[in-house]
Enquirer: 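Dropping a structure here in structure tokens format, bear with me for questions.
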There are 2 protein chains.
Amino acid sequence: MDMTVSPDQPGDNPNCRRVSAVLSRLGDKWTILAVTMLVERPRRFNELKRLIGGISQQMLTRTLKSLEQDGMVLRKVYPTIPPKVEYSLTTMGQSLSEPLLQLASWVLKNIEQIESKRASLKIHNDEIF
Amino acid sequence: MDMTVSPDQPGDNPNCRRVSAVLSRLGDKWTILAVTMLVERPRRFNELKRLIGGISQQMLTRTLKSLEQDGMVLRKVYPTIPPKVEYSLTTMGQSLSEPLLQLASWVLKNIEQIESKRASLKIHNDEIF
DNA sequence: CGGTATCCTAGATGATACTG
DNA sequence: CAGTATCATCTAGGATACCG
């Protein structure tokens, strides 16, 4: 599972792509947010929906299902009326949350700079066209 | 820029979505790999293409342009014949690479477990359908 | 060598309605 | 409450051809 790269190594790098496949799943529009919302404690479906904000019901369902299939999230159903479903992080999910929170923290520290850079480019383009 | 969440706080969370927007850009299919390939030293366009492997020319162009617009990557053109273009990480790009490499490292440590879990679910579904 | 331009498709996402 | 089902839209990404 070596991701180091010898200089100018030609051809494809299968390990890179296996890792990339997982990363691009983690990096979809909602996954990281969902995991973040589960760090503190288990949450119910609609609770997560409110916390995340702006996610459609369907996408929350899919996101949670993917996380469950990858072993990051545990789904527990309480057969009450009305039904209650609680989502929590597995051990692997908790360990994932550590680098994820570090990344989120980096984004928070740098988001002003990123957004202002994007904005300035936009203005520049607007001047040209 | 508070990402902490008071319990059951209703409504949308704009900060979450600003962060999410950046994260989902970072998490696309190629960005993280591209940044990783630039950590060691600057690289030329086709060098990156070879290192990443499997990326189309167009997507590499787009990925690098996005990173440049966000201030992560510096693009330096040497007006030689044939043309030579070198990409390197900016200071912000270097600082980004730290949490990114930690995340990549986490994936490497857990990828076997994730892939086997996915595979076992696939077998299970194949038995049903 | 390091790109653009164009076209195309699968999949991601959203909106809405319905259900146990 | 916690979903499914269905339909519509948008975009990421690939393939290919061309360019300075």
Side-chain angles (χ1 to χ4, degrees), chain A residues 8 10 12 16-17 20-34 37-38 42-70 73-88 125 128-129, chain B residues 8 10 12 16-17 20-34 37-38 42-70 73-88 118 125 129:
Chain A
D8 298 324
D12 294 356
C16 277
R17 266 179 287 136
S20 168
V22 174
L23 285 176
S24 86
R25 277 279 9 269
L26 295 179
D28 71 5
K29 197 170 177 182
W30 302 113
T31 298
I32 296 182
L33 273 179
M37 296 309 172
L38 290 171
R43 305 277 187 182
R44 298 179 61 174
F45 185 86
N46 278 328
E47 192 183 358
L48 282 171
K49 191 167 184 312
R50 277 193 309 278
L51 289 171
I52 295 175
I55 189 173
S56 68
Q57 200 171 30
Q58 191 183 50
M59 282 315 297
L60 182 55
T61 302
R62 290 186 194 174
T63 302
L64 290 169
K65 195 160 291 180
S66 292
L67 284 169
E68 192 190 359
Q69 287 176 354
D70 284 353
V73 158
L74 196 66
R75 178 177 181 271
K76 183 163 186 184
V77 183
Y78 298 86
T80 57
I81 297 178
K84 170 178 170 178
V85 183
E86 218 173 50
Y87 294 89
S88 58
N125 288 337
I128 294 175
F129 305 110
Chain B
D8 297 326
D12 294 357
C16 277
R17 264 178 289 134
S20 167
V22 174
L23 284 175
S24 86
R25 276 277 11 267
L26 294 179
D28 72 4
K29 196 171 178 184
W30 300 113
T31 297
I32 296 183
L33 272 180
M37 296 310 174
L38 289 172
R43 306 275 188 183
R44 299 180 62 175
F45 184 87
N46 277 328
E47 191 183 358
L48 281 171
K49 191 167 183 313
R50 278 194 308 278
L51 289 170
I52 294 174
I55 190 174
S56 67
Q57 198 172 32
Q58 190 184 51
M59 283 313 298
L60 181 53
T61 300
R62 289 185 194 175
T63 302
L64 290 170
K65 194 159 292 182
S66 292
L67 284 169
E68 192 191 358
Q69 286 176 354
D70 284 354
V73 158
L74 195 67
R75 179 177 182 272
K76 183 163 187 183
V77 183
Y78 297 86
T80 57
I81 296 178
K84 170 177 170 179
V85 182
E86 217 174 49
Y87 293 90
S88 58
R118 285 185 185 176
N125 287 337
F129 303 109

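A quick note: this is a predicted structure, and the numbers were derived from the prediction, not measured. Below, chains carry the letters A, B, ... as their sequence lines are ordered, and counting in each starts from 1.
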Enquirer: Rounded to whole Å, please give me the gap between CG in A:Leu60 and P in D:dC1.
Expert: 14 Å
Enquirer: Give the nucleotide from the list D:dG13, D:dA2, C:dG14 with an atom nearest to the side chain of B:Met59.
Expert: D:dG13
Enquirer: Quick one: A:Arg75 CZ to D:dA2 P, roughly how many Å, whole number?
Expert: 10 Å
Enquirer: How long is the gap from CE on A:Met37 to CG on A:Leu60, to the nearest 0.5 Å?
Expert: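 Spacing of CE (A:Met37) from CG (A:Leu60) equals 11.0 Å.
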Enquirer: When B:Tyr78 is tested against each of B:Glu86, B:Arg44, B:Lys84 for side chain to side chain donor-acceptor pair (under 3.5 Å), which residue passes?
Expert: B:Glu86
Enquirer: Look at B:Arg44 and C:dG2 and indicate whether a side-chain polar atom (N or O) is within less than 4.0 Å of OP1 or OP2.
Expert: yes
Enquirer: Is there a side-chain contact between A:Lys49 and the phosphate of D:dC1, meaning an N or O under 4.0 Å from OP1 or OP2?
Expert: no
Enquirer: Picking from A:Leu51, A:Asn46, A:Ile52, what satisfies side chain to side chain contact (heavy atoms under 4.5 Å, CB included) with A:Lys49?
Expert: A:Asn46
Enquirer: Please check the phosphate of C:dG3 (OP1 and OP2 only) for any side-chain N or O of B:Lys65 closer than 4.0 Å.
Expert: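 The answer is no; no side-chain N or O of B:Lys65 sits under 4.0 Å from OP1 or OP2.
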Enquirer: Round to a whole Å and report the spacing from OH of B:Tyr87 to C1' of C:dG2.
Expert: 7 Å
Enquirer: Are the side chain of A:Arg75 and the backbone N or O of A:Glu68 linked by a donor-acceptor pair below 3.5 Å?
Expert: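 Between the backbone of A:Glu68 and the side chain of A:Arg75 there is no qualifying donor-acceptor contact (under 3.5 Å).
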Enquirer: Counting the atoms with a prime plus P, OP1 and OP2 as sugar-phosphate, which does B:Arg25 contact under 4.0 Å by heavy atoms, base, sugar-phosphate, or nothing?
Expert: nothing
Enquirer: Starting at atom CD of B:Gln57, determine the distance to atom P of D:dG14, rounded to an integer number of angstrom.
Expert: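 The answer, rounded to whole Å, is 13 Å.
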Enquirer: What is the distance from CD of B:Gln58 to P of D:dC19, rounded to the nearest Å?
Expert: 17 Å
Enquirer: Rounded off to whole Å, could you give me the CG-to-P distance for the A:Asp28 and C:dG11 pair?
Expert: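 These atoms are roughly 15 Å apart.
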Enquirer: Out of D:dA2, C:dG2, C:dT4, which has the shortest distance to the side chain of A:Pro83?
Expert: D:dA2
Enquirer: Output the rounded distance in Å from CZ (A:Phe45) to C1' (C:dT19).
Expert: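 Rounded to the whole Å, the gap is 14 Å.
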Enquirer: Checking side-chain contact (heavy atoms from CB on, under 4.5 Å) for the pair B:Leu48/B:Leu64: CA distance, chi angles, key distance, verdict?
Expert: CA-CA 10 Å; B:Leu48 281 171; B:Leu64 290 170; 3.9 Å; yes
Enquirer: Whole-Å distance between D:dA2 C1' and A:Leu64 CG?
Expert: 11 Å
Enquirer: Tell me which nucleotide among D:dA2, D:dG13, C:dC1 gets nearest to the side chain of B:Arg62.
Expert: D:dG13
